[in-house]
Amino acid sequence: MNCYLCAIEAQQRESTQGGKVVVCRDCGEYLISDVVIRQLPSKPLNFSRMREDLHRQRQSNATSMAQINSETAVWA
Ligand SMILES: [Zn+2]
């Protein structure tokens, strides 16, 4: 599959918490929720601001994976 943010080739696996874990060499590792994945076709993410937010999440909470969910999603 391709990364939901930058659209380059990325690895993906199912998450035990629901949603998908994406490992992208550009965007890093993040968890994206099923709800957000369903919204993507009609509502694209703001790529640069979303990447900044993932970066901020990693800095403020190094123990859990950066997440794109209904609360953290930055829409274009
Ligand atoms: Zn990416």
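Predicted model only: the values in this text are computed from it and were never measured. Side chains are part of it too, since the values below use all heavy atoms of this structure and drop only hydrogens, waters and symmetry mates. Start at 1 and go down the list; that is how both ligands and their atoms are numbered. For the single chain, residues carry numbers from 1 onward in sequence order.
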Residue pair Gln57 / Asp53, side-chain donor-acceptor N/O under 3.5 Å: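 Note: Gln57 and Asp53 side chains meet the donor-acceptor criterion.
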
Report yes if some heavy atom in the side chain of Val22 is under 4.5 Å from a heavy atom in the side chain of Glu29; otherwise report no.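 Val22 vs Glu29: side chains apart.
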
Report yes if some heavy atom in the side chain of Lys20 is under 4.5 Å from a heavy atom in the side chain of Leu31; otherwise report no.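 No. Closest side-chain heavy atoms not under 4.5 Å.
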
What distance do Cys24 atom SG and Ile8 atom CD1 have between them, rounded to the nearest 0.5 Å?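 Rounded to the nearest 0.5 Å, the SG-CD1 separation comes to 4.0 Å.
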
Residue-atom pairs from the protein, N, O or S only, that lie under 2.8 Å from the Zn ion (ligand 1):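 You should have found Cys3 SG, Cys6 SG, Cys24 SG, Cys27 SG.
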
Kindly indicate, with the supporting measurements, whether the criterion side chain to side chain contact (heavy atoms under 4.5 Å, CB included) is fulfilled by Leu45 and Leu40. CA-CA 7 Å; Leu45 290 165; Leu40 281 177; 3.6 Å; yes

In a table with atom names and distances, give each donor-acceptor pair under 3.5 Å that connects a side chain of residues 68-76 to protein atoms at least two apart or in another chain.
residue: Asn69; atom: OD1; partner: Glu71; partner atom: N; Å: 2.9
residue: Asn69; atom: OD1; partner: Thr72; partner atom: N; Å: 3.0
residue: Asn69; atom: OD1; partner: Thr72; partner atom: OG1; Å: 3.4
residue: Asn69; atom: ND2; partner: Gln67; partner atom: OE1; Å: 3.3
residue: Thr72; atom: OG1; partner: Gln67; partner atom: O; Å: 2.7
residue: Thr72; atom: OG1; partner: Asn69; partner atom: N; Å: 3.0

